[in-house]
Each structure stands twice: as structure tokens, then as C-alpha cells.
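Note on naming: letters A, B, ... go to the chains in the order of the sequence lines (proteins, then strands), and numbering restarts at 1 for each one. Since the structure is predicted, the reported quantities are computational estimates derived from the model, not experimental observations.
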2 protein chains.
Amino acid sequence: MTRHGAAIEALKRTGHRLTPQRVMVLSVIAEQPAHVGVEEIQSRVKAVYPYMDQATVYRTIHLLKELGLVTEIQAGGASRYELSASGRHHHMVCRECGGAFDLSPSYLEEFRATLVRDFGFEPDLDHFAVAGRCASCGGKRVSPAAAISTERK
Amino acid sequence: MTRHGAAIEALKRTGHRLTPQRVMVLSVIAEQPAHVGVEEIQSRVKAVYPYMDQATVYRTIHLLKELGLVTEIQAGGASRYELSASGRHHHMVCRECGGAFDLSPSYLEEFRATLVRDFGFEPDLDHFAVAGRCASCGGKRVSPAAAISTERK
DNA sequence: CGGGTTGTTGCAAGCGTTTGCAATAACAGT
DNA sequence: ACTGTTATTGCAAACGCTTGCAACAACCCG
């Protein structure tokens, strides 16, 4: 099983279609030792499948990120991506129902990068949790991604 | 004294130049009852000073935001702005020197909007503080803006 | 295994925002 | 006031990313 096999299964499990494009994007990200840029993902896939489009790369990445399969790193204006380390992750806790939801580090990464860029302040975000109100108890939009990240109780 | 008089003084006090363009942007934001979009700011200023450029509006807004004089609101792809309510603000606390820095709500706003959009999760960010390491104790970049937001002890 | 449904793709145009650059103008010092 | 220094501006082009749309193909079901 390749390094991204689990991610592929997660895709199917969450009711998303397993298209060649998605597999290719995932495998490019997986076979890279470090993080990859969108442009590099696209050009590598294009070498094999020339019709691959920018928009598809972005849409795929966006999906993978929402599912927590891929982690986003801000690097000077552009974003870079890598397979999520299964270890570190954070939580959103609902005040209403007490439910806990996984929050992939990528979401905090954006916040962190902003503080560093604007203030030179390096926040310590390990062991970080956000309190609030989840979708079913009165939050706004419900995304399909929310489903899989739910942990009971 | 106009509603944005204090903001103008803050600009000078922090060593930035008081250009007509900056004053105009500030006054457009101030005279609006609710928040304003970039496009509206530009067109209102252009009515008086036709050479006003998009880039200048963006650069000015960016500055005002860093100084905490203006608060950013995310609204469906585009950003809107309003004079900062002096009341609500958050803190960054340095583990090293114990120093506290003001963090304008706009920074958390971005984070909040993301959680709402992707998960329907409405975080409660009032009374919110971030721990970490400030610029002088080992953070990354130092921006002039950091200076004014410093509070002793 | 073939047919229908519906998520996904490629394309292209557009979005909001940022950037490099040379010219300009704000402010400090005298 | 005048001058020098240096931040800031206007302009234009580019950036990274998102979106609407019609064509397509992955999957569910019998």
C-alpha cells in the first residue's frame, strides 16, 4: 500500500468519487519528500495527463484539505501542501452539545502565519482548542466534510 | 474632532506619513455608518481626487489594519472595513518576557470566517488570548506596527 | 452488465489583491 | 524657507485562486 492509500480510502468512505485526477494529485503530493506547490502539482500531473487543469487541482486540494488528508503551509503568498501527519491535530468543542470535532492544523497554520508576518509573534498552538457552537446546534453552513471529522461525545 | 481624528494622530505618532490619500480613505471609512468595501472606498475618493489608485487603497487599508485602526470583515470573497471599535480586542502574550500585545479582532475574524464556512462551526472568540513568543524574544519579522501595540508588563 | 443520476471535469473568464518601478511629495534638519 | 532623505504614490502587469457552464464519467441500482 502506497503512502496515500489511506487517503484514497478516506475519499471513497466519505462519499466522494474516486477520479483519476484526484488519485494523481494525491500521489504527486505523497511521493514528494517535502511539501509541494500547486504549480508543481499541476505540471507533474500534466506530464502524464496533459488535460489536467488548474481549477481541478485547486478543487481537489481544497477537498483534501477539508477532509484533513492534506496539510496546507503558507509560504510567501502561495500555498504548499503535504500529506497530513496523522499525529498533531486540534479540536473544536461545541458548548451546546459537548461534541468535539477535529480541526486539521492547516486551519491554524493560516492564522499562525499571519501573526508571524505582521507582528513577528510566533504563537504556540499545540494543544489548542476552540470553543463555540457546532453546525447542528446553530452554526451556519454544513459541509459534508464536517461529517467525517465528528467524534461522538 | 471628526470620528477619525484619533486614527490620524495614531498614524503620525507611529511615524507614518500623513498623505492626503490616507486621510481621504480614512474619512470615507469613518463617515460611513456601516462597513465599506474597497471598491466603494475607491470610487468615493475618486469623486474628489480622480487619480486615486486601487493599489493605494489596498496599501492604505493594509496599514490601517496592522495598526488596529480599522477592522476587516470577510463578506463572500471580498473584504469590507470599518473603524475599529476601541472596545473589543484580544491579546498575544509572550511566554518569554511576559509582554502583552494587542491583537485587533480582524485577525481572528479571518480564522472565524474559515471555521464557519468550512464546518458551520461558530467559534466563541471573545476573551481570547494566544500564547507564544514575541518578536524581540525570538519571533520572526519585526514590523513597525508591533511597536504601538505593545503594552508594558 | 447496462442505464440513469449526479458529482466532477476542462475551459475560459473573472475575481480581489499584490507587486515592481520610476516619479513624487512628506517630513526632519538646518 | 530650502534641501535632502526616504516613504509613498500612480500606473500597469501579474499574481494566485475561484467560478459558471456544458460535456463527461464514476458510481448506484436493478
Polar atoms only, N or O, under 3.5 Å: list the protein pairs with nucleotides 4-8 of chain D and their distances.
unit_1 : atom_1 : unit_2  : atom_2 : d
D:dT6  : O2     : B:Arg17 : NH1    : 3.1
D:dT6  : O2     : B:Arg17 : NH2    : 3.0
D:dA7  : O4'    : B:Arg17 : NH2    : 3.3
D:dA7  : N3     : B:Arg17 : NH1    : 3.1
D:dT8  : OP1    : B:Arg17 : N      : 3.2
D:dT8  : OP1    : B:Arg22 : NH1    : 2.6
D:dT8  : OP1    : B:Arg22 : NH2    : 3.1
D:dT8  : O5'    : B:Arg22 : NH2    : 3.1

Table of protein N/O atoms under 3.5 Å from nucleotides 18-24 of chain D N/O atoms:
unit_1 : atom_1 : unit_2  : atom_2 : d
D:dG20 : O6     : A:Arg59 : NH1    : 3.4

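For the segment residues 35-50 of chain B, the set of residues with a heavy atom within less than 4.0 Å of an atom of DNA chain C comprises B:Val38, in numerical order. Within residues 24-34 of chain B, no residue approaches DNA chain D, by heavy-atom distance under 4.0 Å.
For B:Glu66 and C:dT18, the CD to C1' distance is 14 Å, given to the nearest whole Å. Here C:dC27 presents its C1' atom at 9 Å from NZ of B:Lys12, a figure rounded to the nearest Å. If you take CG of A:Leu11 and P of C:dG7, they are 15 Å apart, rounded to a whole angstrom. Whole-Å rounding puts the B:Ile8 CD1 to C:dC27 P distance at 11 Å. Rounded to whole angstrom, the span from the CE atom of A:Met52 across to the P atom of D:dA25 amounts to 15 Å. Here C:dG16 presents its C1' atom at 12 Å from CD of B:Glu72, a figure rounded to the nearest Å. Put simply, OH on A:Tyr51 is 18 Å from C1' on C:dT8, counting in whole angstrom units.
Pairs engaging residues 42-63 of chain A under the salt bridge (charged side-chain N to carboxylate O under 4.0 Å, His left out) rule: A:Glu40-A:Arg44 [sequence neighbours left out].
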Walk me through it: do A:Ile61 and A:Ile41 pass the test side chain to side chain contact (heavy atoms under 4.5 Å, CB included)?
-> CA-CA 10 Å; A:Ile61 281 171; A:Ile41 295 177; 3.7 Å; yes

Do B:His16 and B:Leu67 pass the side chain to side chain contact (heavy atoms under 4.5 Å, CB included) test, and can you show the C-alpha distance, the side-chain angles, and the key distance before you say yes or no?
-> CA-CA 11 Å; B:His16 294 94; B:Leu67 295 179; 4.3 Å; yes

Does the side chain to side chain contact (heavy atoms under 4.5 Å, CB included) test come out yes or no for B:Leu64 and B:Tyr81, once each step is laid out?
-> CA-CA 10 Å; B:Leu64 296 175; B:Tyr81 301 87; over 6 Å; no

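Judged by distance alone, the side chain of B:Ser84 and the main-chain N or O of B:Gly68 form a donor-acceptor pair under 3.5 Å. Looking at B:Arg80, its side chain never comes within 3.5 Å of a backbone N or O of B:Ile73 through a donor-acceptor pair. Formation of a donor-acceptor pair under 3.5 Å by the A:Thr56 side chain with backbone atoms of A:Met52 is not found in this model. Under a 3.5 Å cut-off, the side chain of A:Arg112 and the backbone N or O of A:Glu122 do not form any donor-acceptor pair.
Between its opening and closing five pairs, the helix from C:dC1-D:dG30 to C:dT30-D:dA1 changes axis direction by 50°, a value rounded to 10 degrees.
Clustering ILVMFWY residues whenever any of their side-chain heavy atoms sit less than 4.5 angstrom apart, transitively, puts A:Tyr51 in a cluster other than the one holding A:Val48.
More than 12 heavy atoms of other shown residues, nucleotides or ligands fall within 6.0 angstrom of atom CD in A:Glu31.
Inspection of the B:Glu72 and B:Ser79 side chains reveals an N or O donor paired with an N or O acceptor under 3.5 Å.
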